[in-house]
Visitor: 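Supplied in structure tokens, the structure appears directly below.
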Amino acid sequence: QVQLVESGGGLVQPGGSLRLSCAASGTIFSIVAMGWYRQAPGKQRELVATMPIGGRINYADSVKGRFTISRDNAKNTVYLQMNSLISEDTAVYYCNVRAKATMFSYAMDYWGKGTPVTVSS
């Protein structure tokens, strides 16, 4: 099993910044991809940014130029730097990691419990 622990959410004023972190631990043979999704009240969960290992980073159009995803391989940690935040960014942010537990297992998706981000004055 893989456990994900998120941190960094909170209340921020419009135009402000936050940095989310997500650390993966447990039985991990290899990580295939890491990313962030979000779910605003009354809306479906949507992709924010994904980072396939060795692949191209993908951002939602709504966050391009404002958000940056990065990772620390040694710590199995993914980050989301969020700048120029707007009210529409208010949501619960979920970390996603696609990983293989063993050399012979299929890659599975694991989710964090979510960290709330509120952008309000």
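This structure is a prediction, so every number in the text was calculated from the model and none was measured.
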Visitor: Find the distance between CD1 (Ile53) and OG (Ser30) and round it off to the nearest 0.5 Å.
Guide: 9.0 Å

Visitor: To the nearest 0.5 angstrom, please state how far the CD atom of Gln13 sits from the OG1 atom of Thr118.
Guide: 13.0 Å

Visitor: To the nearest 0.5 Å, what is the distance between CD (Gln3) and OG1 (Thr27)?
Guide: 7.5 Å

Visitor: Flag the pair Thr50 / Ile57 as yes when at least one side-chain heavy-atom distance between them is below 4.5 Å, and no otherwise.
Guide: no

Visitor: Going by the rule ring pair (Phe, Tyr, Trp, His ring centres under 6.0 Å), which residues pair with Tyr37 if we only count those two or more places apart in sequence or in a different chain?
Guide: Trp111

Visitor: Does anything in residues 43-52 pair up under salt bridge (charged side-chain N to carboxylate O under 4.0 Å, His left out), and if so which pairs, sequence neighbours excluded?
Guide: Arg38-Glu46

Visitor: Is there a side-chain contact between Ile86 and Pro14 (heavy atoms, below 4.5 Å)?
Guide: no

Visitor: Side chains of Thr90 and Ser87: donor-acceptor distance under 3.5 Å anywhere?
Guide: no

Visitor: Provide the full list of disulfide (SG to SG under 2.5 Å) pairs with a residue in residues 23-77, sequence neighbours left out, each pair given once.
Guide: none

Visitor: Show me the pairs that pass disulfide (SG to SG under 2.5 Å) and involve residues 57-87, at least two apart or across chains.
Guide: none

Visitor: If we count only N and O atoms by modelled type, under 3.5 Å, do the side chains of Thr77 and Asp72 hold a donor and an acceptor together?
Guide: no

Visitor: Where do Met82 and Val117 land on the side chain to side chain contact (heavy atoms under 4.5 Å, CB included) test, with the steps shown first?
Guide: CA-CA 10 Å; Met82 304 186 294; Val117 171; 3.9 Å; yes

Visitor: What pairs of residues pass the salt bridge (charged side-chain N to carboxylate O under 4.0 Å, His left out) test when at least one of them lies in residues 95-113, not counting sequence neighbours?
Guide: Arg98-Asp109

Visitor: Same cluster or not: Leu18 versus Ile69, using hydrophobic residues (I, L, V, M, F, W, Y) connected whenever any side-chain heavy atoms lie under 4.5 Å apart?
Guide: yes

Visitor: Taking all atoms of both residues into account, what is the closest heavy-atom pair of Val32 and Ala107, and its distance?
Guide: CG2-CB, 3.9 Å

Visitor: Using the rule side-chain contact (heavy atoms from CB on, under 4.5 Å), only one of Val63, Asn96, Leu20 pairs with Val48; which is it?
Guide: Val63

Visitor: Quick test of your reading: applying salt bridge (charged side-chain N to carboxylate O under 4.0 Å, His left out), list the pairs with at least one residue in residues 3-14, sequence neighbours left out, ordered by first then second residue.
Guide: none

